[in-house]
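Some notes on the structure that comes next.
By convention in this document, chain letters (A, B, ...) are assigned in the order of the sequence lines, proteins followed by strands, and residues within each chain are numbered from 1.
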2 protein chains.
Amino acid sequence: MLKVREDAIIQAVNRLLSEKGFDAMTVDEVAARVGIAKASLYKHFPSKEDLAAAAMVRVMRQAQTFCAALPEAAPPLENIRAVTRWTMGLKLAGNMPSLPSQNSTLRATLMANREYMDGLIEVSDRLGGWIEAAQADGSISSRLPAIAVLYTLYARACDPVLEFLKMGGQHNDDEIIELVMSTCFDGLNARPPETSAPHKAH
Amino acid sequence: MLKVREDAIIQAVNRLLSEKGFDAMTVDEVAARVGIAKASLYKHFPSKEDLAAAAMVRVMRQAQTFCAALPEAAPPLENIRAVTRWTMGLKLAGNMPSLPSQNSTLRATLMANREYMDGLIEVSDRLGGWIEAAQADGSISSRLPAIAVLYTLYARACDPVLEFLKMGGQHNDDEIIELVMSTCFDGLNARPPETSAPHKAH
DNA sequence: GTCTATAGGAGGATAGAC
DNA sequence: GTCTATCCTCCTATAGAC
């Protein structure tokens, strides 16, 4: 059916966006990978930008699903860490579309896409709530504006450190994720020895 | 003279690469901004990739100069922090060329450019030395491979958090830099209050 | 070395038959 | 809704006069 075919298209777009990025991806490639003619693609999606937007909607829905499955009763920091891990796993597995942040027509298409924007807002609200809760309970630094924390988490989805470490071949995906998790949450500075934990209990 | 004109070209390229990135930048734009004909550009640089490479050589030289001016006697962490600050300042000021990490012909051109590669290696060696020294003196975490630390520092040069915070308009450049410095070195986690140094003397 | 003019090709999008 | 064939724009690169 139509739905199945469009899913196949979006998946191909997703992988190509992850492999080469929006600019380097050509509509011909998408068509070739799906196994249909380019003109047929345009019966489903009106433009290359809309193809990318559909891929973004897909990952956004996945993110919503993932967030919704997390226990609301858990410590907020744990949920934040879980989402961050999941995001980086997606990228390392080649399933995170990468879009240029400068392209204006692409931005316009994305911002005109209600499903994408709604998803983005819902995810941001949920993460934002966890961030503020984590700052309130003393697990995330309160010196940082919550929005800066949110951006820092989002940035993990396109962190070049992930691919560099992967190219190095010294670590597997899980090790890479834990390394970047550590730089993200613990920072580069050395920490005082674990034995003198401040007040992690309760 | 020739040298002066080429400097003007490289500077224009540098700004355009910072504003729009490599793919969106057109050679016509470069020519227009310099105020010469496109064909004249090609008398100076054989290809668009070489234009970008020249811009990269320029920033790499600036980085070398900056590093060389830092006091070797200073604590290694301070030199690392200084370079990181300088890099982010460059980006916020619109002077950090941004290249796609996927483009293969561009990568080939860059890696064939001896001046760029030599500069990259020198800077990496110097930073690498400081990183290992900082790990030895306990100021940077020893649990992280030095190469991961190096990549994390390099990634600050293209950190989207910088532009997002700038677009937000809530902070000036210096505040943004300090925020990202904090996320980078201190991490997102809360730290124990400064007053309670690791082992209190009673 | 600067210009005008143009080649050459890639790639997004469409026409129209079936 | 799928195809083949084609259009058309944009952009890199070059030709050739001065």
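- The aromatic rings of B:Phe164 and A:Tyr151 sit tilted, their planes meeting at an angle between 30° and 60°.
- Side-chain nitrogen and oxygen atoms of A:Ser40 include at least one within less than 4.0 Å of the OP1 or OP2 phosphate oxygen of D:dC3.
- Remark: side-chain polar atoms of B:Lys48 are paired, donor with acceptor, to backbone N or O of B:Met25 under 3.5 angstrom.
- The nearest whole Å value for the distance from the CG atom in B:Asp28 to the P atom in D:dA13 is 11 Å.
- Counting distance only, with no hydrogens placed and no angle test, the side-chain atoms of A:Lys48 and the base atoms of C:dG11 include no donor-acceptor pair under 3.5 Å.
- Residue B:Phe45 contributes atom CZ, which lies 18 Å from atom C1' of D:dT14 at whole-angstrom precision.
- Remark: B:Met117 CE is packed, more than 12 non-hydrogen atoms of other residues, nucleotides or ligands lying under 6.0 Å away.
- When the C1' atom of D:dA13 is taken as reference, atom CG of B:Asp50 falls 13 Å away, rounded to whole Å.
- Two residues are said to be in side-chain contact when any heavy atoms from C-beta on lie closer than 4.5 Å; B:Asp137 and B:Leu77 fail this criterion.
- Between B:Leu51 atom CG and D:dA13 atom C1' there is a gap of 12 Å when expressed in whole angstrom units.
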For this session: Evaluate the criterion side-chain contact (heavy atoms from CB on, under 4.5 Å) for residue pair B:Thr87 and B:Leu153; output intermediate values, then yes/no.
Result: CA-CA 9 Å; B:Thr87 304; B:Leu153 297 178; over 6 Å; no

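- Inter-residue side-chain proximity for B:Arg126 and B:Trp130 is flagged as met; some heavy-atom pair is nearer than 4.5 Å.
- Closest to the A:Ala39 side chain, of the nucleotides C:dT4, D:dT4, C:dG12, is D:dT4.
- Listed in residue order, the members of residues 2-26 of chain A having a heavy atom less than 4.0 Å from DNA chain D are A:Leu2, A:Arg5.
- Following rounding to the nearest Å, A:Glu49 (CD) and C:dG12 (C1') show an atom-to-atom distance of 9 Å.
- The NE2 atom of B:His44 sits 16 Å away from the P atom of D:dA13 (whole-angstrom rounding).
- When each of A:Lys38 and A:Lys43 is assigned the nucleotide of DNA chain C with its nearest heavy atom, A:Lys38 is the one assigned upstream, toward the 5' end.
- In this model, the phosphate group of D:dT14 is not approached by any side-chain N or O of B:Tyr42 to a distance below 4.0 Å at OP1 or OP2.
- Residue-environment remark: CD (A:Gln170) stays at or below the threshold of 12 foreign heavy atoms within 6.0 Å.
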